[in-house]
Each structure stands twice: as C-alpha cells, then as structure tokens.
Amino acid sequence: MFGKLKSLFKNPRVINAQYLQAIDLNIVKSNVEFVDSVHLHAFTKEHIQNFHEGEYYTRIDYGKNGLIAAYECTVGDENIKERIPSFLQGHPYFQPNLNWPMGLLKSPDPTGFSLGGKSSDIKLPYLKEQATPFQQIATIGRAFSGMEW
C-alpha cells in the first residue's frame, strides 16, 4: 500500500495538457513570459495529425497542483522529458489562445492578398543609412479590405 501511495506522488496524474509549437522552456525568464509564450505557440491536440514525421512540438502537462512536466515530442518518435525552470513548477493551468501551427492556410475565398507575385513598378527611395536590398514577399490587391484606395 505504501509503495502504491509513493508512486502516486512520484507520478502525479495529468489533468490538462497544452500543445505548443516547439519552444524551449529554459529560456523563459518569468511567469508572464511563459504565459505569453504559451498563448503565442498553443494549438489543439488534433492538429498533431497535420504534422509531418520528425516535426517537433512541445507538450506541457498539468496536474492537480499545476504544471508537472514538459516534453519535447516528435511525430512518430518517443517523447523526451524536458527540464523546466523551478519557478514554473506548479504554475496553474490556463486556457491559452489556440493557433493553427505550421504556416499558411489556403483561403477558399479570394482575399486580394498573395505571397510572391509580379512586382508592380514602384520607386523606392535610396537612403545610404538603410541601403538594404528590397525583396517583395507579398502582393495586396484593391479587393483586400482597407486597400480600396
């Protein structure tokens, strides 16, 4: 009986988990930074099925007394337990903003916005202090809300 009770304290039961795009918790310097980082990187467990084999993500487990463990996870491989900063141990669970990881989504409706595209004839001012080559990465059309002018 004592051994069973001891293992319960050693391996607390997971009540909640958060799934994040791969982050290193050891670079987090405060509770506020941790919460901000989770809000920025969180996604739902269901999105893991969209990951490719070998891609990384982070899983953070919470028990009755808050944060208990963090894992570096890869699709199709074992989870590796991460060391978490002592000030984060026991951090209470919170519902993060959920995001869609892994880049861009194709819109079923025309948006007037696209990556790449043919550069229109524009003249950029030359400033010696900011002599950086210009590279077009996106095009915004007149149909894009707010760009009617």
Side-chain angles (χ1 to χ4, degrees), residues 3-120 122 124 130-149:
K4 194 175 190 179
L5 191 60
K6 188 176 175 182
S7 78
L8 243 155
F9 286 112
K10 192 174 183 181
N11 299 316
R13 191 171 82 110
V14 175
I15 296 173
N16 288 304
Q18 292 169 332
Y19 298 86
L20 315 171
Q21 293 181 40
I23 63 169
D24 181 0
L25 295 178
N26 290 300
I27 62 170
V28 174
K29 303 291 183 235
S30 69
N31 286 306
V32 171
E33 196 175 309
F34 170 70
V35 170
D36 288 346
S37 190
V38 170
H39 280 305
L40 181 65
H41 298 287
F43 61 89
T44 64
K45 183 179 181 179
E46 292 73 33
H47 287 305
I48 295 170
Q49 65 190 358
N50 298 320
F51 280 52
H52 301 288
E53 190 167 337
E55 285 189 277
Y56 288 91
Y57 63 95
T58 301
R59 187 184 83 230
I60 300 174
D61 291 342
Y62 294 84
K64 188 173 86 175
N65 295 322
L67 193 147
I68 54 176
Y71 298 89
E72 181 182 272
C73 307
T74 58
V75 176
D77 215 349
E78 254 186 75
N79 299 334
I80 302 165
K81 194 166 188 176
E82 283 190 32
R83 199 175 70 82
I84 54 175
S86 59
F87 70 89
L88 285 179
Q89 292 174 2
H91 190 283
Y93 174 78
F94 60 97
Q95 180 61 49
N97 300 330
L98 298 174
N99 303 296
W100 178 273
M102 311 311 287
L104 303 170
L105 297 174
K106 185 170 180 157
S107 173
D109 304 315
T111 61
F113 176 80
S114 66
L115 288 180
K118 185 172 179 348
S119 177
S120 55
I122 57 173
L124 296 173
Q130 297 176 338
T132 307
F134 177 78
Q135 183 175 10
Q136 177 180 336
I137 58 170
T139 304
I140 300 175
R142 286 184 173 87
F144 193 77
S145 178
M147 300 302 283
E148 298 83 8
W149 52 274

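Basis for what follows: all heavy atoms, side chains included, without hydrogens, waters or symmetry-related copies.
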Report task. Evaluate the side-chain proximity of Leu98 to Phe43: yes if any heavy-atom separation is below 4.5 Å, no if none is. Result -> no
Query raised in the report: Hey, what do you get for NE2 (His41) to CG (Leu20), rounding to the nearest 0.5 Å?
Result: 7.5 Å
Query - Derivation and outcome, side-chain contact (heavy atoms from CB on, under 4.5 Å), residues Glu72 and Tyr57 - result: CA-CA 6 Å; Glu72 181 182 272; Tyr57 63 95; over 6 Å; no
Report summary line: Closest heavy-atom pair, Gln18 versus Tyr62, reported as atoms and distance to 0.1 Å, is OE1-OH, 2.7 Å
Query - Spacing of Arg13 atom CZ and Lys64 atom NZ [to the nearest 0.5 Å] - result: 10.0 Å
Query raised in the report: Does the ring center of Tyr19 lie less than 6.0 Å from the ring center of Phe51?
Result: no
Query raised in the report: If you round to the nearest 0.5 Å, how far is CZ of Arg83 from CG of Asp24?
Result: 9.5 Å
**Report entry** Non-hydrogen side-chain atoms of Val35 and Val38 separated by less than 4.5 Å
**Finding:** no
Report summary line: Scanning both residues in full, the closest heavy-atom pair of Ile15 with Gly63 reads CD1-C, 3.7 Å
Report task. Side-chain contact test, heavy atoms from C-beta onward, threshold under 4.5 Å: evaluate it for Lys29 versus Phe34 and give yes or no. Result -> no
Report task. Give, for atom NE2 of His91 and atom CD1 of Ile68, the distance between the pair rounded to the nearest 0.5 Å. Result -> 15.0 Å
Query raised in the report: Can you find a heavy atom in the side chain of Leu67 that is under 4.5 Å from one in the side chain of Asp61?
Result: no
Query raised in the report: Quick one: CD on Glu82 to CD1 on Ile60, what's the gap to the nearest 0.5 Å?
Result: 8.0 Å
**Report entry** Note, Ile23 side chain near Leu25 side chain (heavy atom, < 4.5 Å)
**Finding:** yes
Query raised in the report: Considering only heavy atoms from C-beta outward, does the side chain of Asn31 approach that of Phe87 to under 4.5 Å?
Result: yes
Query raised in the report: Under 3.5 Å, side chain of His39 to main-chain N/O of Asn97, donor-acceptor pair present?
Result: yes
**Report entry** Donor + acceptor pair across side chains of Tyr93, Gln95 (<3.5 Å)
**Finding:** yes
Requested in this report: Answer yes if the side chains of Tyr56 and Gln21 hold a donor-acceptor pair under 3.5 Å, and no otherwise.
Outcome: no
